[in-house]
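Have a look at the structure below before the remarks.
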2 protein chains.
Amino acid sequence: MTTLKKVAEYAGVSTSTVSRVIAGKPYVKEETRRRVLQAVQELSYSPNILAKSLKEGRTNTIALMIPSIQNQMFPIVTRGVEDTARKYGYTVILCNTDENIEVEKEYIRKLQDRWIDGFIVGSMLPASDHIRKLKADGFPVVLTSRYYGDPIDAVIIDNHRAAYDAVSYLIKTGHEKIAIAVGRRQLSLYQQRLEGYLDALKDHGLPVDESLIMHETHGTNSFYGLTQKLLDNLIPDAIFATSDPKAIVVIRAIKDRGLRIPEDISVIGIDDIEMSALIEPPLTTVSQPLYKIGALAAKKLIALIEHKNKSKDPPAPVVDVLETELIIRKSTARRK
Amino acid sequence: MTTLKKVAEYAGVSTSTVSRVIAGKPYVKEETRRRVLQAVQELSYSPNILAKSLKEGRTNTIALMIPSIQNQMFPIVTRGVEDTARKYGYTVILCNTDENIEVEKEYIRKLQDRWIDGFIVGSMLPASDHIRKLKADGFPVVLTSRYYGDPIDAVIIDNHRAAYDAVSYLIKTGHEKIAIAVGRRQLSLYQQRLEGYLDALKDHGLPVDESLIMHETHGTNSFYGLTQKLLDNLIPDAIFATSDPKAIVVIRAIKDRGLRIPEDISVIGIDDIEMSALIEPPLTTVSQPLYKIGALAAKKLIALIEHKNKSKDPPAPVVDVLETELIIRKSTARRK
DNA sequence: GTGAAAGCGCTAACAT
DNA sequence: ATGTTAGCGCTTTCAC
């Protein structure tokens, strides 16, 4: 283990001089600098970040909290975060919370003790008061995807509008009996998507049929059974899934029932994950810029962190709403 | 910020006593212990892990290096790693290398400076000498998936056998013209899977037809074009994809050609990722225990780390070969 | 320009 | 059973 001290001895200077050279600070004679650099080279010294962090009170590490990396939305978001973090010299710690608020809390506690510089939270629940406390305690926090109106920076999409666009498209292409697969109601993003669906129906003069509304019971896969049950009673013109993973399960259920997509039933989703274009039929969906969401969240968080280092008050939170786009593929077709 | 010292003053004892109590060490009078715990409570003290790490020379952090979390194999492996790490009190840093050896090197350097306790490497390339050096320098390292016979702990599957099983199954169910989609040759796991294919053919008296062998050119998606080109010349009985993501692309290409699966062409893969059961038709594949691979790798790595703390010599590396299993679904059908 | 020395918060001999 | 003290490796005043 080569330390600063050894380099100093080797170069015949003091540790503070070496420190200055390493940090690229001024007020070092050119010749001295050269000698130190030489020593660094020859001893192949590299600084101990831990000691540096202890001294400086920051670790250049951020945490990314998500429900689960197995949800296909998150690998892309994660790449956005990680690529950006790396670009700025930060490392990221990945935390899967499984929607379990206790796991989330435990992570927060542990990471605070580690002096994590900031948090990107994609797993926020209405009850996640520990996240709010984090922010209130002055920790840099950026929310993604899930946002409940708190005074915290966030990167989201307009969920109501994405759903409204999807359902309007179905209506305009002649669908009338439109079912919906809604995710957990406690997540406002699903609540908003449900409302987008309801409003689209209303605005186009279509009635709301409660029996066409499927509510998630226990995970995404529950839509397999729910769809089967729905089909026992009636065949809708279309099913709007409030996320692509749900759409994929819905499609599986429809096919296992011997029905064709889009001939018998159209299916539309929201997300545009990688698989959406690859499944059969390729899924019509409203894309959200997942990579960009991650990248922007990371960028904002890092800005917050650097700002904090200059010890000003935290700036007023800003919520970025990114654009979504309807991607028409083969899982929907004109009716009548 | 509450520190040990403040707790000590508050409780009217020395810092070492507080340290002892926190660490649960013996030789502390029951009443003193209670008083300290009380102080810890009231000041809501929690230790600074950074300082502790600096002192102890270990960080309870491990790095997981993978090609990309966007490759659908890795979210599952990652969950295995992370769940296990958390259970043992470790945090994991996620590193996507994009198969870029420079990125890998940069990560290693950065993480060494951070005093990462150990590495799980799922991105090993034949040229990854920096990983070998890591191990040689005494760092705990565990390899997953990719293994080139180095004296390093590893968790892998028998690739030759997995491929052999897949192809043998095709042959036994009447397929003769069997094409193969082979991943990058420089990765021995694909080389081995190719050999498994070749040997299965040989053992069953089938000829090898070079024109049936598709080699990956630039990423998984290149198999879309390769498959199309293959189908221009001939329609094989089956296509063996050396991984499920490749199988999914191959299926897309076949369908876009207007051919049916399995009626016209059977398709078989290796992996059994979550999507494999959901696509149309559900994919016949040889499953590998991805979660278990991650979990076992983490467990082994942690054992290595704890062993190292007792400062014995590192134990001889052991390579664990986990079982694979043929999962028959709907993408293959009996011929003739 | 450069060096001495204090201290970030903790642990672990060593003393008592 | 408890306290004193010397670092872990680094940065940063403050002198010179």
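Just so it is clear: chains get the letters A, B, ... in the order the sequence lines come, proteins before strands, and each one is counted from 1. Atoms considered below: every heavy atom in the structure, side chains included; atoms not considered: hydrogens, waters and symmetry mates.
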* Asked: Are B/K308 and B/F139 in a cation-pi setup, meaning NZ or CZ lies under 6.0 angstrom from the ring centre and within 45 degrees of the ring axis?
  ->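 That pair qualifies as a cation-pi contact.
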* Considering residues at least two apart in sequence or located in another chain, which fulfil the salt bridge (charged side-chain N to carboxylate O under 4.0 Å, His left out) criterion with B/D113? -> none
* Heavy atoms under 4.0 Å, any strand shown: does B/K6 hit a base, just sugar-phosphate, or nothing? -> nothing
* Looking for any heavy atom pair under 4.0 Å, which part of the strands does B/S53 touch: base, sugar-phosphate only, or nothing? -> nothing
Could you go over nucleotides 8-10 of chain C and give all protein N or O partners under 3.5 Å, atom names and distances?
| residue | atom | partner | partner atom | Å |
| --- | --- | --- | --- | --- |
| C/dG9 | N2 | B/A51 | O | 3.4 |
| C/dC10 | OP1 | B/Y45 | OH | 2.4 |
| C/dC10 | OP1 | B/N48 | N | 3.0 |
| C/dC10 | OP2 | B/L4 | N | 2.3 |

* **End axis versus end axis in the helix from C/dG1-D/dC16 to C/dT16-D/dA1, the angle rounded to 10°, five pairs used at each terminus** =>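 Here the local axes at opposite ends form an angle of 50°.
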* Donor + acceptor pair across side chains of A/R114, A/T61 (<3.5 Å) ->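 A/R114 vs A/T61: no donor-acceptor pair found between side chains.
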Report the distance from atom [atom1] of [X] to atom [atom2] of [N], rounded to the nearest whole Å.
X	N	atom1	atom2	answer
A/K25	C/dT2	NZ	P	15 Å
B/E31	D/dT2	CD	P	8 Å
A/I22	C/dT2	CD1	C1'	16 Å
A/K29	C/dG3	NZ	C1'	14 Å

* To do: For A/S128, enumerate each residue passing the side chain to side chain contact (heavy atoms under 4.5 Å, CB included) test, keeping only those at least two apart in sequence or located in another chain.
  =>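 A/I101, A/E104, A/M124, A/L125, A/H130, A/I131.
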* Applying side chain to side chain contact (heavy atoms under 4.5 Å, CB included), name anything that partners A/A85, two or more places apart in sequence or on another chain. => A/I62, A/Y90, A/V92
* **Residue pairs, two or more places apart or on separate chains, that pass salt bridge (charged side-chain N to carboxylate O under 4.0 Å, His left out) and touch residues 139-149 of chain A** =>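 Sorted pair list: A/E99-A/R146.
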* Any pair counted as salt bridge (charged side-chain N to carboxylate O under 4.0 Å, His left out), so long as it reaches residues 84-98 of chain B, sequence neighbours left out ->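 Those involving residues 84-98 of chain B are A/R79-B/D98, A/E106-B/R86.
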Would you tabulate the nitrogen or oxygen pairs shorter than 3.5 Å linking the protein to nucleotides 14-16 of chain C?
none

Distance-only criterion, 3.5 Å: show the donor-acceptor pairs between side-chain atoms of residues 50-58 of chain A and protein atoms not counting sequence neighbours.
| residue | atom | partner | partner atom | Å |
| --- | --- | --- | --- | --- |
| A/S53 | OG | A/I49 | O | 2.9 |
| A/S53 | OG | A/R58 | O | 3.0 |

In a table with atom names and distances, give each donor-acceptor pair under 3.5 Å that connects a side chain of residues 4-12 of chain A to protein atoms at least two apart or in another chain.
| residue | atom | partner | partner atom | Å |
| --- | --- | --- | --- | --- |
| A/K6 | NZ | A/M1 | O | 2.6 |
| A/Y10 | OH | A/E42 | OE1 | 2.3 |

Give every donor-acceptor pair under 3.5 Å between a side-chain atom in residues 24-34 of chain A and any protein atom, sequence neighbours left out.
| residue | atom | partner | partner atom | Å |
| --- | --- | --- | --- | --- |
| A/E31 | OE2 | A/R35 | NE | 3.4 |
| A/R33 | NH2 | A/K25 | O | 3.4 |

* Asked: Below 4.0 angstrom from OP1 or OP2 of D/dT2, is there any side-chain N or O of B/T32?
  ->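 It does, given that an N or O in the side chain of B/T32 lies less than 4.0 Å from OP1 or OP2 of D/dT2.
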* Can you find an N or O donor on one side and an acceptor on the other, under 3.5 Å apart, linking the side chain of B/T17 with the base of D/dG3? -> no
* To do: Tell whether B/S16 reaches the base of D/dT4 with its side chain through a donor-acceptor pair below 3.5 angstrom.
  => yes
* To do: State which residues pass side chain to side chain donor-acceptor pair (under 3.5 Å) with A/R109; sequence neighbours excluded, sorted by chain then number.
  => none
